[in-house]
Chemist: 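Before anything else, here's the structure in question.
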Number of protein chains: 2
Amino acid sequence: MRKPQPDSPTKRKLLAAAQNLMLAKGFTATTVDDVCESARLTKGSFFHYFETKEALGKAVLDRYVSTMFQAIQDAPFLKKDDPLQRIYGYVDFLIEMSRNPAKQSGCLLGTFSQELSDTHPGIRKTCAQHFARWAEALRLDIASAKAKHAGRKRWDPAALAEHIIIVVEGSLILARANQNYGVVERNLKQLKQYMNGLFGR
Amino acid sequence: MRKPQPDSPTKRKLLAAAQNLMLAKGFTATTVDDVCESARLTKGSFFHYFETKEALGKAVLDRYVSTMFQAIQDAPFLKKDDPLQRIYGYVDFLIEMSRNPAKQSGCLLGTFSQELSDTHPGIRKTCAQHFARWAEALRLDIASAKAKHAGRKRWDPAALAEHIIIVVEGSLILARANQNYGVVERNLKQLKQYMNGLFGR
DNA sequence: ATTGTCATACCAACCGGTAGGTATGCAAAT
DNA sequence: ATTTGCATACCTACCGGTTGGTATGACAAT
C-alpha cells in the first residue's frame, strides 16, 4: 500500500519545488502546503513519497549537493593536467557561478547548517558530512598542487580547503543581505590573492 | 492602554530570552510562546511590549548588534595608537571570542540575513545596514593602517573590511555544522596570513 | 479478449495541535 | 482617576500528518 517508487517524475517535481522554496525561505518557513501548491499536487500525494517533512529536507539536501557535485564534475577546468590550474580553475568557476543570476540563491548546505543544527541533529550531521566531502575533494588537488609548486612551504592543504569553503559561505551571506552577489566575486578574488602567497607567486 | 515603557526590566528579559532562542533556532522556529516560557511571562505581557513577532526580531537584532559593538569598544586593543595594531588586535579579539564556549552560538546578523532576506524585507535591510556599519568601522582603521604601513600597495581597504566580515560569517557556519568552533580560529589565522601579505610583511 | 488481482499514484476531506494575535480584567503605581 | 504591567482566556488560520477512497496499470488466469 505504501511503497512508492524511489524515483518518479512526481517525486522529482516535489523535490525541485521544495529546493527552490527552501533556498529562498529556509526549511522551517517552507510549509508542506507550499511545496504541494508549487508542484501542483496535494498533500496526500506528498506524504505518499515522503514520510515526514524532515525526510523531505534530507532528500532535498542530497539532491542539491549531488547536483552541485555533478555541475563541477562536468566543468571544463577539471580536465587540466596541472592540479594548481584545477584549483584556480575551481575558484574561477565559482566566480562565474556567482555571476549567473539564475544561481544567485545561496547554498542550501549553509542555510540548513545555520537554521537546523540545533533542532534537527540528523540534518546537521548530513551537512557536516557533505562539507567534509567537499573539503576532502579540494584537499586532494591542493595537496598535489602544493607538492608540485610549493613543496618547501609549510602550510596545511586541508586548512586551505576549509578556507575556500568558508569564504564561499560567508560571501553568500553578505551577498544575500545586500542583495548583491558582487560580494562573492570580490571575496573570491581576495582568496586568490591569498592563494598566490601560499603557492609562492 | 498600550504605551509601554521603551525600556523596562520585563522587556529586557523578553529580549534576552528571544536572543538566546533565536541564536539557537533562528527566527522562524522560535515561537512567541517559547520566548514567554523562557522569560517566565505570558503572551499577554509579551504583546504589551511588542506589536508583532517581527518587531521583536528587529529589536533583538538591534540589541544584539549594539551589545557586540559595546563589547568591542570596551576591548583593550582599541586603545592602541597604531591602527595596524588595532586591526590585528581586532582579529585576535575575534579569535579569543571564538574560544569562549559561552559565545559559541553564531552571529544573529548572519542567521537573520539567511533565513529572512526573502520573507522579511525590513529585517533584511536592517541586517545590510548593520553589516555596512561594521564594515565602515573596520575600513577606517584599515585605511589609516595602510597609509602608515603599506602606502605604496594598491588594494582597497573597504574590500579587506568586507573580507574580514565574510571570513567570520563563513567560519561560523562551518563551525556550527561541525559543532566545533576551532574552525573560526583556524580561518581567522589564515586571514591574518593574507593581511600580512597586504601590509607587506 | 476478458476478467480478476494486486500494487502503486494521487486526491479531497479531515484531525489534533499550535501558531500569532486579541479582548479583557485587575492590581499597583502615579 | 488614569495609566501601566501583566495575566487569563480566547480566536482564527494554518501547521504537519492521516484517513478513506478512487484511478490506473501490469500481469495472470481464463
Side-chain angles (χ1 to χ4, degrees), chain A residues 1-22 24-61 112 115-116 118-123, chain B residues 1-22 24-61 63 111-112 115-116 118-123:
Chain A
M1 255 341 181
R2 42 185 136 90
K3 252 181 213 161
Q5 211 163 296
D7 185 53
S8 79
T10 306
K11 187 168 182 178
R12 262 196 285 245
K13 268 209 319 195
L14 287 165
L15 282 169
Q19 178 173 313
N20 287 334
L21 288 167
M22 289 179 180
K25 310 198 288 179
F27 177 82
T28 312
T30 298
T31 69
V32 174
D33 283 325
D34 280 344
V35 175
C36 295
E37 194 190 328
S38 171
R40 250 160 296 231
L41 289 164
T42 55
K43 239 192 317 205
S45 59
F46 174 91
F47 282 102
H48 177 68
Y49 288 102
F50 300 100
E51 295 211 353
T52 63
K53 189 190 172 187
E54 177 165 352
L56 168 72
K58 283 186 189 169
V60 166
L61 192 56
F112 274 28
E115 73 166 312
L116 304 178
D118 269 41
T119 47
H120 296 66
I123 293 187
Chain B
M1 261 322 187
R2 43 185 137 90
K3 251 179 216 168
Q5 211 163 294
D7 186 52
S8 78
T10 306
K11 186 169 183 176
R12 262 196 283 246
K13 269 208 317 192
L14 287 166
L15 282 169
Q19 177 172 314
N20 287 333
L21 288 167
M22 289 179 180
K25 310 198 291 179
F27 177 83
T28 312
T30 298
T31 71
V32 174
D33 283 323
D34 279 345
V35 175
C36 295
E37 194 190 328
S38 172
R40 253 160 295 233
L41 289 164
T42 55
K43 239 188 322 200
S45 58
F46 173 92
F47 282 101
H48 178 69
Y49 288 102
F50 300 100
E51 297 211 352
T52 62
K53 189 190 170 185
E54 176 165 354
L56 168 71
K58 283 184 189 168
V60 167
L61 192 55
R63 183 193 119 107
T111 60
F112 274 27
E115 73 166 311
L116 304 177
D118 270 41
T119 47
H120 295 68
I123 293 187

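Residue numbers start from 1 in every chain, and the chains themselves are labelled A, B, ... in the order their sequence lines are given, proteins ahead of strands.
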Chemist: For a quick check of understanding: with a heavy-atom distance under 4.0 Å over all strands, which category does A:Thr30 fall into, base, sugar-phosphate or nothing?
Modeler: sugar-phosphate
Chemist: Can you find a side chain N or O atom of B:Thr10 that sits less than 4.0 Å from OP1 or OP2 on D:dC6?
Modeler: yes
Chemist: Hey, does the side chain of A:Thr42 come within less than 4.0 Å of C:dC10's phosphate (OP1/OP2), counting only N and O?
Modeler: no
Chemist: Within the structure provided, determine whether A:Met22 and A:Phe112 are in side-chain contact (heavy-atom separation under 4.5 Å).
Modeler: yes
Chemist: Is B:His48 close enough to D:dC6 that one of its side-chain N or O atoms is under 4.0 Å from OP1 or OP2 there?
Modeler: no
Chemist: Would you mind telling me which of D:dG16, C:dT22, D:dG5 lies closest to the side-chain atoms of A:Lys43?
Modeler: D:dG16
Chemist: Applying side chain to side chain donor-acceptor pair (under 3.5 Å) between B:Thr28 and each of B:Lys53, B:His120, B:Glu115, report the one that passes.
Modeler: B:Glu115
Chemist: Within this structure, what is the CZ-to-P distance between A:Phe50 and C:dA9, rounded to whole angstrom?
Modeler: 12 Å
Chemist: When you compare the side chain of B:Leu56 with that of B:Phe46, does any pair of heavy atoms fall below 4.5 Å?
Modeler: yes
Chemist: Rounding to a whole Å, what distance do you find between B:Asp33:CG and D:dC10:P?
Modeler: 16 Å
Chemist: Rounded to the nearest Å, what distance is computed from the CG atom of residue B:Leu14 to the P atom of nucleotide C:dG21?
Modeler: 15 Å
Chemist: Take atom NZ of A:Lys53 and atom P of D:dG16, then tell me their distance rounded to the nearest Å.
Modeler: 5 Å
Chemist: Just the rounded figure in Å: distance from C1' of D:dA7 to CG of B:Leu41.
Modeler: 10 Å
Chemist: Using the ring of B:Phe50 (Phe, Tyr or Trp, six-membered ring only), decide whether B:Lys58 places NZ or CZ under 6.0 Å from its centre and within 45 degrees of its axis.
Modeler: no
Chemist: If the cut-off is 4.0 Å, is B:Gln5 near the phosphate of D:dT4, judged by side-chain N/O to OP1 or OP2?
Modeler: no
Chemist: Do A:Ser38 and A:Asn20 touch side chain to side chain, with heavy atoms closer than 4.5 Å?
Modeler: no
Chemist: Should B:Tyr49 be listed as having a side-chain N or O under 4.0 Å from OP1 or OP2 of D:dT4?
Modeler: no
Chemist: Under 4.0 Å, heavy atoms only, any strand: does B:Ser8 hit a base, just the sugar-phosphate, or nothing?
Modeler: nothing
Chemist: Calculate the interatomic distance between A:Glu37 atom CD and D:dC15 atom C1'; express it in whole Å.
Modeler: 15 Å
Chemist: May I have the distance from B:Phe46 (atom CZ) to C:dG21 (atom P), rounded to whole angstrom?
Modeler: 8 Å
Chemist: CG of A:Asp34 versus P of D:dA13: gap in Å, rounded?
Modeler: 18 Å
Chemist: Choosing from D:dC6, C:dC11, D:dC15, which nucleotide comes nearest the side chain of A:Ser45?
Modeler: C:dC11
